[in-house]
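Data first, discussion second: the structure below is written as structure tokens.
Just so it is clear, the model here is predicted, and its values are computed rather than measured. All heavy atoms count here, side chains included; hydrogens, waters and symmetry mates do not. Along the sequence shown, residues carry numbers from 1.
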Amino acid sequence: MKTVLVTGSAGFIGFHLSRLLLEQGVRVIGLDGMTSYYDVALKERRH
């Protein structure tokens with residue numbers, strides 16, 4: 001099984017990339033800074 005590190009995994013692109021990889025059977029390790037630049041509650045739900 002492949003393992004991929006996705007930085008910014010709770011952001012728009014990182015979230016969708018992570019979801020696509022998971023659907024393909026890839027193990028995803030997500031990392032995000034959870035800064036307040038964007039809505040933190042939204043990022044927490046995505047993460």
Do other residues, nucleotides or ligands put more than 12 heavy atoms under 6.0 Å from Leu5 CG?
yes

Can you list every pair that meets side chain to side chain donor-acceptor pair (under 3.5 Å) and has a residue in residues 14-27, with sequence neighbours left out?
none

Distance from Phe15 atom CZ to Arg45 atom CZ, nearest 0.5 Å?
10.5 Å

Answer with yes or no whether the hydrophobic clustering places Leu20 together with Val28; edges join I, L, V, M, F, W, Y residues whose side-chain heavy atoms lie under 4.5 Å apart.
no

Check: Val26 and Met1 side chains under 4.5 Å, non-hydrogen atoms
no

Val6 vs Leu21 side-chain heavy atoms within contact, under 4.5 Å
yes

Nearest 0.5 Å please: distance from the CZ atom of Phe12 over to the CG atom of Leu17.
11.5 Å

If we ignore hydrogens and angles and just use 3.5 Å, is the side chain of Thr7 paired with the main-chain N or O of Leu31 as donor and acceptor?
no

Taking all atoms of both residues into account, what is the closest heavy-atom pair of Lys43 and Asp32, and its distance?
NZ-OD1, 2.9 Å

